[in-house]
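Sequence lines set the chain letters: A, B, ... in the order given, protein chains first and strands last, and positions in each chain run from 1.
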Number of protein chains: 2
Amino acid sequence: MPNVYRALGDPTRRHILSMLKQGSKTQKEIVEAFDMSQPAIKKHLNILLEERIISESLNGKYRIYSINLNTLQIGYREMIQYIGELLDDQLVSLKNYVEKGEFRDEEN
Amino acid sequence: MPNVYRALGDPTRRHILSMLKQGSKTQKEIVEAFDMSQPAIKKHLNILLEERIISESLNGKYRIYSINLNTLQIGYREMIQYIGELLDDQLVSLKNYVEKGEFRDEEN
DNA sequence: CTTTCATATAACCATTAGGTTATATATAAT
DNA sequence: ATTATATATAACCTAATGGTTATATGAAAG
C-alpha cells in the first residue's frame, strides 16, 4: 500500500530520510537543514507520513519525526522483488536466503 | 542520471517493462495489451526512453522497443544502495558480496 | 497577559503527469 | 493511386508536485 516510489522519488525527501536515520528530529531541525521554506518541508513530511515512511509524535510545541523502518523495509522488498525479476538479478535469490534465514556469513 | 524512481513510479510503465522483459515488442503490441489510448502509451514509452530504461528501433512502419538492462541495473543498484543504507539491512553487505563476486551458493 | 517560537494552513503559481480525442504522417498492401 | 495500418503530434483536460508568501494557531516563556 505505501508507495515507496512516490515517497523516495524526491531528493529532498531522500535527504530528510537520511537525516532521520541518524535519529528522530523535530520539524524545526529538519527545516533548518534545508534552504527551503517551512511549508515546503512540511509538505514533504506530509507525503512521507501519507506513505507511512515516517511517523510523527508530539512534544509540547514540537513535532518529532522518526523513520518507520518497517514500512520502508516492506517497500524496499517489493522494489527489489519487482526490479530483480526484471533483471534476473542474483540479489533476488540472495534476498530469499536472507528472508529464510539461510544465509551464513562465513567470514566472521 | 537516469531517474529510476520516475521511470518505475507508474504501474503502467512497470507493466510495460515486464512485457519487454519477455522480449522486444512493437508499439502496437504494447498498446493492445492495455485498455488505454495509443498516445497515452506513447507518453509512457517516451518517459522510459528519456530515462534510458528502454530503447527504440525502427522496422518499416513499426517501432520496436526493448528493455535496457544496463541502465536498469545501474539505477537499481543506486536505489538498493540508498535504501539499504537507510535500513542497515543485511542486504547491503550481501550486495557487496555479490558485486565483489565473493558469494558462494553452497547449496547447489 | 503578552510575546515568542514552532507549527499549520491558505492562497497562489508554474510545471509535470496521465489521460483524452482528433488529426497528420509514413510505410505497406491492394 | 488508393486504402489501410502504425505511429506521431497537437490541443485539451484534470490532478498532483514542488515551491512561494502571508497568516493563523498553539504552546512556552517573560
Quiz item: Once you round it to whole Å, what is the distance between P of dA28(C) and NZ of K28(B)?
Solution: 15 Å
Practice problem: Could you check how far NZ of K25(B) sits from P of dA6(D), rounded to whole Å? | Solution: 16 Å
Quiz prompt | Any V4(A) side-chain heavy atom under 4.5 Å of Y5(B) side chain | solution = no
Quiz item: Does a donor on one side chain sit under 3.5 Å from an acceptor on the other, for E56(B) and Q27(B)?
Solution: no
Quiz prompt | Separation of atom CG in L45(B) from atom C1' in dT7(D), rounded to whole Å | solution = 11 Å
Quiz item: Given atom CD1 of I64(B) and atom P of dT27(C), what is their separation to the nearest angstrom?
Solution: 14 Å
Practice problem: In plain terms, say whether E50(A) and R6(A) are close enough for a salt bridge, that is, a side-chain N and a carboxylate O under 4.0 Å apart. | Solution: yes
Practice problem: Quickly, which of H44(B), K43(B), K42(B) forms a side chain to side chain donor-acceptor pair (under 3.5 Å) with N46(B)? Name it, please. | Solution: K42(B)
Self-check item: For atom CD of Q27(B) and atom P of dT9(D), their distance in whole Å
Solution: 11 Å
Quiz item: NA contact type, E56(A), heavy-atom cut-off 4.0 Å: base, sugar-phosphate, or nothing?
Solution: sugar-phosphate
Practice problem: Let me know the distance between NZ of K42(B) and C1' of dT9(D), rounded to the nearest Å. | Solution: 10 Å
Exercise. Would you kindly give the OH-to-P distance between Y5(B) and dA17(C), to the nearest whole Å?
Key: 17 Å
Practice problem: Compare all side-chain heavy atoms of Y65(B) with those of S57(B) and state whether any distance is below 4.5 angstrom. | Solution: no
Quiz item: What string of B, S and - do you get for nucleotides 14-28 of chain D 5' to 3' if you count protein non-hydrogen atoms under 4.0 Å?
Solution: ---SSBBBB----SS
Quiz prompt | Distance in angstrom units between Y62(B) OH and dT27(C) P, rounded | solution = 14 Å
Quiz item: Is a side-chain N or O of N59(A) found less than 3.5 angstrom from the main chain of Y62(A), in a donor-acceptor match?
Solution: no
